[in-house]
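Because only heavy atoms are used, hydrogens play no part in the values below, and waters and symmetry mates are left out as well, while side chains stay in. Positions are given from 1 along the sequence.
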Amino acid sequence: MASAPGRVNLIGEHTDYNGGFVLPCAIDRRIAAAVGTGEGVLYSADFEETRQIDEEDSSWADYPRGIVWAMGEAGHEIGTFRAAFAGDVPLGSGLSSSAAIEAATALALDAFYGLGIRHTDLAVICQRAENDYVGVGSGIMDQYASLLCEAGAALLVDCRSLEAKSVPLDLQAAGLSLVVCDTRIERGLADTGYNDRRATCERAASMLGVEELRDATEEDLGLLSGAELKRARHVVSENARVLEAVEALESRDFDEFGRLMYASHASLRNNYEVSTPELDTFVEAAKGHGARGARLTGAGFGGCAIALVPEGETAELRNACEQAFEGRGFEEPAFYEFVPAPGAEVATGIEE
Ligand code: ADP
Ligand code: MG
C-alpha cells in the first residue's frame, strides 16, 4: 500500500513548457492505493464502484490503467493484481488529484512487485500515463511534486534537466499558513488560452534564435514587440523570480518571498493575461488582510489562488474574500489550509 499527495505551485507559472523553473510543494491531502494478488479488479472507495483493468471507459480507472501501460512501456511488465483506492485530494480543483492517484498506484505497484524504480523515474512513468494514456497534456511538475516532495519543504524543479532540489518551507516556525482559494470557475477558456500562450512563447523563442524562452535574457526582450514581448517578459522575469524565491526561502526571508509572489501575480495578470476578476479579488483581499504574499496558481483562467497569511488571521481573510465575492456576484469560493507534506510513501506496519 502506498499513498501520494496533491500539490500547489508556490511560484513559477507558465515556465514549465519554456524549459524553466517551478517551485511546488505537496499538500496534506493524499490518495492511497492498496495492491494485492487478484484478477484485474480496481475498486474506488470514493466513487464506490468497481472497474476492470482490461477495459477502457474514460473513468477514474484510466489513471491506474495508464500506470500499468506506462510501466510496460518502460520495460516493467506488470502481472495481474487487484487494487483499491481512497483519498481526500479535492477532485478537479487544480490541486492535482490526478498526479496523486498516478503516483500512489505507481509506487504501490513498484513495492508489490519489488521493482525498485527510482522516484524520479516513477514520475516520468506517471507523466507518460497522463499524457499518452489518459490524454491530458501536462508538464512534469505535478508528478515530481507528488513523488519527490519532503515534509516542511518545497521542491525546486528545473523542467529542462529534470533536476530537483528540496527547499526549506517551515511555515509553522515562521507563524504562517498557506491558504488556497478555489474560485470554482469553470476553466472554459483554459485549453484555448493555454495553447495560444504556448504557441506565442514558441514564436518568441524562435524570433530570438533560442531553443526555449528559458535561454532568453532581459536584454533580448528589446528585440520583441506585441504579444511576443508581453509573454516573453513574463517568462523571463518569472524564471528569475523562482530562483530569487528559493534564495529567500533558504534564508527564511518570507517578506521577500511574499513580495515575489505578488510580483508573480502582477506579471501573470498584466503580461501573461491569464488572471480573472475572481483571482484578482482574492489577491487584493489577501493584500488588505496582512498576507505576506498571494498569487494565482496553476494555468489561470479560473482555478485557484494562494496566500501566505499569519497564523490565526486566515478566518478574517476568508470572511473578507467571501464578502468581496458576494458583493461582485461571483460564485462562492472554497478555501483550504495546507501544511507542506511529504511526497509519495509506501505504508509500513499495516495490521492484517
Ligand atoms: P486535478 O488533477 O486538478 O484534481 P484532473 O481532472 O486532472 O483534476 O484529475 C481528476 C481525476 O482524477 C478525477 O476525475 C478522477 O478520474 C481521478 N481521481 C482523483 N481523485 C481520485 C480518487 N480519490 N479516486 C479515484 N479517482 C480519482
Ligand atoms: Mg490533474
How far apart are the C-alpha atoms of Val22 and Cys159, what are their side-chain angles, what is the distance that settles it, and do they pass the side chain to side chain contact (heavy atoms under 4.5 Å, CB included) test?
-> CA-CA 7 Å; Val22 293; Cys159 296; 3.9 Å; yes

Side-chain ion pair, [X] and [Y], N-O less than 4.0 Å:
X: Glu163; Y: Lys165; result: no
X: Arg233; Y: Glu218; result: no
X: Arg184; Y: Glu331; result: no
X: Asp215; Y: Arg160; result: yes
X: Arg118; Y: Asp110; result: no
X: Glu256; Y: Arg259; result: yes
X: Asp57; Y: Arg65; result: yes
X: Glu273; Y: Lys230; result: yes
X: Glu39; Y: Arg82; result: no

With clusters defined by side-chain heavy atoms of hydrophobic residues (ILVMFWY) lying less than 4.5 Å apart, directly or transitively, does [Y] cluster with [X]?
X: Leu10; Y: Val179; answer: no
X: Leu176; Y: Ile27; answer: yes
X: Leu23; Y: Leu171; answer: yes
X: Ile306; Y: Val283; answer: no
X: Leu224; Y: Tyr272; answer: yes

Contact between [X] and [Y] at the side-chain level, heavy atoms closer than 4.5 Å - yes or no?
X: Leu107; Y: His119; result: yes
X: Leu95; Y: Tyr336; result: yes
X: Ile140; Y: Asp16; result: no
X: Cys321; Y: Glu278; result: no
X: Phe330; Y: Ile185; result: no
X: Thr281; Y: Phe325; result: yes
X: Val41; Y: Ile53; result: no
X: Thr105; Y: Phe85; result: yes

Can you give me the closest heavy-atom contact between [X] and [Y], atom names plus distance?
X: Ile125; Y: Ala70; result: O-CB, 3.4 Å
X: Pro64; Y: Ile101; result: CD-CD1, 4.2 Å
X: Gly12; Y: Glu238; result: N-OE2, 3.0 Å
X: Asp170; Y: Phe254; result: O-CZ, 4.4 Å
X: Tyr113; Y: Thr80; result: OH-O, 3.2 Å
X: Gly87; Y: Asp46; result: N-OD2, 2.8 Å

Say you draw a straight line from [atom1] of [X] to [atom2] of [Y]; how long is it, rounded to the nearest 0.5 Å?
X: Asn18; Y: Cys201; atom1: CG; atom2: SG; result: 4.0 Å
X: Asp196; Y: Thr200; atom1: CG; atom2: OG1; result: 4.0 Å
X: Met71; Y: Asp121; atom1: CE; atom2: CG; result: 10.5 Å
X: Cys181; Y: Glu322; atom1: SG; atom2: CD; result: 9.0 Å
X: Leu279; Y: Leu296; atom1: CG; atom2: CG; result: 5.5 Å
X: Phe21; Y: Leu243; atom1: CZ; atom2: CG; result: 4.5 Å

Does either side chain, that of [X] or that of [Y], offer a donor lying less than 3.5 Å from an acceptor on the other one?
X: Thr314; Y: Glu337; result: yes
X: Arg241; Y: Ser264; result: no
X: Arg7; Y: Ser146; result: no
X: Thr297; Y: Asn9; result: no

Can you label the angle between the Phe335 ring and the Phe282 ring as parallel, tilted or perpendicular, going by 30° and 60°?
->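 Tilted.
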
Relative to the ring of His234, is the ring of His14 parallel (under 30°), tilted (30 to 60°) or perpendicular (over 60°)?
->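 Perpendicular: the ring planes of His14 and His234 meet at over 60°.
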
Can you tell me if [X] uses its side chain to pair, donor with acceptor, with the backbone of [Y] under 3.5 Å?
X: Arg231; Y: Asn271; answer: yes
X: Ser59; Y: Ala61; answer: yes
X: Asp280; Y: Pro277; answer: no
X: Asp220; Y: Ala216; answer: no
X: Asp88; Y: Arg30; answer: yes
X: Ser166; Y: Ala153; answer: no

Should we count [atom1] of [X] as having more than 12 external heavy atoms under 6.0 Å?
X: Glu250; atom1: CD; result: yes
X: Gln172; atom1: CD; result: no
X: Asp54; atom1: CG; result: no
X: Glu326; atom1: CD; result: no

Hey, mind stepping through Phe257 and Tyr262 against ring pair (Phe, Tyr, Trp, His ring centres under 6.0 Å) and telling me if it holds?
-> CA-CA 9 Å; Phe257 187 77; Tyr262 283 130; over 10 Å; no

Any chance you could lay out the side chain to side chain contact (heavy atoms under 4.5 Å, CB included) test for Leu42 and Trp60, step after step, and finish with the verdict?
-> CA-CA 10 Å; Leu42 304 169; Trp60 59 270; 3.9 Å; yes

Applying side chain to side chain contact (heavy atoms under 4.5 Å, CB included), run through Glu313 and His289 and close with a yes or a no.
-> CA-CA 8 Å; Glu313 290 175 33; His289 285 79; over 6 Å; no

Could you please spell out the steps behind the side chain to side chain contact (heavy atoms under 4.5 Å, CB included) verdict for Phe47 and Leu91?
-> CA-CA 11 Å; Phe47 288 91; Leu91 264 72; 3.5 Å; yes

Taking salt bridge (Lys or Arg N to Asp or Glu O under 4.0 Å) as the test, write out the residues that go with Arg292, two or more places apart.
->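 Result, salt bridge (Lys or Arg N to Asp or Glu O under 4.0 Å) vs Arg292: Asp255.
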
